[in-house]
Number of protein chains: 2
Amino acid sequence: MVEFDFFYPISRELDIIEEDLSKHIDTNVSLLMNASTHLVKAGGKRLRPAFTLLTAKLYSNDLEDVIPMAVALELIHMATLVHDDVIDNSDTRRGADTVKKNWGNRLSLYSGNFVFARSLSLIASYNRSDLVDVLADASMRICEGEIYQMLSSYNTEQSLKDYLRRIERKTALLISVSCQLGAMIKNAKKEEVLAIQRYGYYLGMAFQITDDILDFIADEQTLGKPTGSDIRQGVITLPALFALKHDSRKKELKYLLTSPELCQRQADRIIDIVTNSHGIDYAYNVTNKYSIKAKEQLRLLPNCELKDTLASLTDFISARDF
Amino acid sequence: MVEFDFFYPISRELDIIEEDLSKHIDTNVSLLMNASTHLVKAGGKRLRPAFTLLTAKLYSNDLEDVIPMAVALELIHMATLVHDDVIDNSDTRRGADTVKKNWGNRLSLYSGNFVFARSLSLIASYNRSDLVDVLADASMRICEGEIYQMLSSYNTEQSLKDYLRRIERKTALLISVSCQLGAMIKNAKKEEVLAIQRYGYYLGMAFQITDDILDFIADEQTLGKPTGSDIRQGVITLPALFALKHDSRKKELKYLLTSPELCQRQADRIIDIVTNSHGIDYAYNVTNKYSIKAKEQLRLLPNCELKDTLASLTDFISARDF
C-alpha cells in the first residue's frame with residue numbers, strides 16, 4: 001500500500017514487530033490463542049508502532065530498544081478494537097445469531113484483557129514509571145471516550161466540541177502517545193517530546209475525521225464494511241453534524257438520526273442527505289486545519305530528512321484516497 | 001465482622017484505603033463515576049489490600065508506601081468483578097430486560113477497563129518494574145482462568161485438576177500476589193517473598209473451596225445471593241465434582257448438570273444430591289489440607305506476633321461459618 005513508502009526507513013523494524021506480535025500473544029489456552037491470533041492476523045497498518053519507530057528514529061538509528069514499546073502499543077490498540085466488538089444493544093435483539101455473537105462477546109472481553117495485560121509486561125521491561133504513567137493516563141481517557149461514544153449515539157443535539165472530544169479519545173490520544181513514547185525512550189528534550197506529542201495529537205484528529213468522511217463517500221470494497229456503517233449504528237460524525245446544522249433537509253435528517261430503526265432502514269437516505277450537504281467539504285477543511293497544525297509542530301524539531309517524511313505522511317494521512 | 005479482629009493491626013491503613021478507593025475512581029464522566037462509585041460502595045472485605053498490608057507489616061510498621069499498591073490490588077479485583085458481570089448467553093435470551101442488561105454490559109466492560117487503568121497509575125508510582133511484572137503476569141493468567149471457567153460450565157467430564165486450576169486463576173493468584181507484593185515493597189529476602197507468595201496461594205485455594213462449599217450449604221441471607229448460584233449457572237465446583245464421581249445418584253446428577261435449563265429448574269434437586277453426598281466433607285478436607293500448607297509456609301518466616309495472627313486468620317478463612 002502507498003503509505004508503506006513512508007515506512008521504508010523502518011521497514012526492517014516493522015517486520016520484527018509483526019513477528020513479535022504473534023510471539024507475545026502466546027498462551028496454552030487454545031481458544032484464547034485463536035482469538036488473539038485472529039486479531040494479529042487481521043492486520044491493520046500498524047500505524048501506532050510506525051509512529052513510535054519514526055519519532056524515535058529522529059534521535060537515533062538504533063531502534064532495538066523501541067520495539068517492545070511499539071509492540072505494546074499495537075497490542076493496546078488491538079485490545080480496544082476487540083472490546084469494541086462487544087455487541088451493542090441492537091445486535092442482541094437479532095434472533096438466531098445472538099447466542100453465537102454473545103459467546104463471542106465474553107471472549108472479546110477476555111482476549112482484550114489478555115492482550116492488554118501482555119502489553120504491560122512489555123512496558124514493565126523499560127523500568128521507567130514515566131512511560132507507564134503516560135499509558136495509564138491514556139488508557140483511562142480512552143475508556144472515558146468509549147462512554148462518550150456510547151452516550152452520544154443517536155443524539156442529534158451533540159455539539160462540535162462533543163464530537164472532537166470523542167475522536168480525541170477514540171483515536172488522537174493513542175497516536176499522540178505513540179509518537180510521544182518514541183521520543184521519550186530516546187530521552188528527547190522535554191520541549192521536543194511535547195512538540196512530537198502535539199504532532200501526534202493533531203495528526204490523529206485529522207486521521208479520524210478523514211476516516212469519518214470516507215465512511216460516507218467510499219465504497220464497501222474500499223472500506224471493508226458497508227458505506228455509512230457509523231450512521232447505521234447511530235454514530236453521528238462531523239459531516240452529519242454539519243448537515244444537521246446547515247442543510248435544507250436538516251429537519252428530516254434529525255428525525256432519521258434519532259431513531260435506531262431508521263438509522264438502519266434509511267441509511268442510504270441519510271448518506272444521500274449528508275454527502276449532498278456541504279458537510280463533506282467542511283469536514284475536509286477541518287482535517288486540513290489539523291494537518292497544518294501537526295506540521296507546525298514539526299517545525300519545532302531539529303531538521304532532518306525524516307522530518308520531511310513525517311510532513312508528507314501527514315499530508316497523505318489527512319487526505320487519504322484509498 | 002469477626003475477621004476484622006485480625007485486621008486490627010492495620011485498621012488505620014484500611015480506613016485510608018477506603019477513602020483512597022473513592023478518590024482514585026474520580027472522573028468527569030458521571031456515568032462512569034456512578035458505576036465505579038457503585039463498585040467501591042458495594043464494599044467487600046478488602047482482603048487483598050489487607051494481606052498486602054499484613055505481609056508488609058511483617059517487616060515494617062511504616063505502611064505508608066504500601067497503601068498505593070493495596071489500593072491498586074483492590075481496584076484490579078473490582079475490575080475482574082465488574083467484567084464478570086458481563087452477561088452470559090442465558091441472560092441475553094430474557095425478553096424485556098435484555099436492553100437494560102446489555103447496556104449495563106458495555107458499561108461493565110468500560111468501567112472495568114477504567115478501574116484497571118487507574119490501578120496502573122498507582123503501580124507506576126513505585127517505579128519498580130519487578131512489581132509491574134508480577135501484576136502483568138497475574139493479569140494474563142487470570143484472563144486464562146476466565147476462559148477455563150467459560151469452557152468448563154456444564155462440563156461434567158472435568159477433572160479435579162481442571163477445577164483446581166480454575167480456582168487458582170480465579171482467586172488464589174491475586175491473593176498470592178497481594179501477599180507477595182507487600183513483602184516485595186518492603187524488600188524482604190527472596191526466599192521469604194517466595195514463602196509469603198506460597199502462603200497466599202494456599203490460603204487463596206482454601207478460601208475459594210470454602211466459598212464453593214458455602215454456595216451449597218449457606219442460606220440466601222448469608223450469601224447475599226441464592227443458594228447454589230454457581231450450579232444454577234453450570235459452574236461445577238468441588239462438592240459437585242465429588243458427587244459426580246462417588247454418589248449413588250451420580251447418573252441423575254450428571255444428567256441434570258449437563259443441561260442449562262435443568263441447572264436452573266432443578267437447582268434444588270441438584271443441591272439436595274450434592275449436600276447429601278460426601279462432597280461437602282471431602283471439600284472441607286481439601287480446604288484444611290490447603291490451610292495446613294499455608295501455615296507451613298509461615299514457619300519459614302521470622303517469628304513475630306503478626307505471624308500468629310496470619311496463622312489464625314488462615315484457620316478462620318478456611319473454615320468460615322458466617
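Here is how names work: the chains are called A, B, and so on, in the same order as the sequence lines, proteins then strands, and each is numbered from 1.
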For this session: Nearest 0.5 Å please: distance from the OG atom of Ser119(A) over to the CE atom of Met140(B).
Result: 9.5 Å
Exercise. Could you state the interatomic distance from OH (Tyr110(B)) to CD1 (Ile142(A)), rounded to the nearest 0.5 Å?
Worked result: 12.0 Å
Exercise. Has Asn187(B) got more than 12 heavy atoms of other residues, nucleotides or ligands less than 6.0 Å from its CG?
Worked result: yes
Exercise. Does Asp62(A) CG have over 12 foreign heavy atoms under 6.0 Å away?
Worked result: yes
Problem set entry | Close approach to chain B in residues 164-177 of chain A, criterion heavy atom under 4.5 Å | none
Exercise. Applying a criterion of heavy atom separation less than 4.5 Å, what residues of residues 124-138 of chain A form contacts with chain B?
Worked result: Ala124(A), Asn127(A), Arg128(A), Ser129(A), Val132(A), Asp133(A), Ala136(A)
Over all atoms of both residues, closest heavy-atom pair of [X] and [Y]:
{"X": "His83(A)", "Y": "Asn113(B)", "answer": "ND1-ND2, 2.9 Å"}
{"X": "Leu107(A)", "Y": "Met150(B)", "answer": "CD1-CE, 4.1 Å"}
{"X": "Phe114(B)", "Y": "Glu144(A)", "answer": "CE1-OE2, 4.0 Å"}

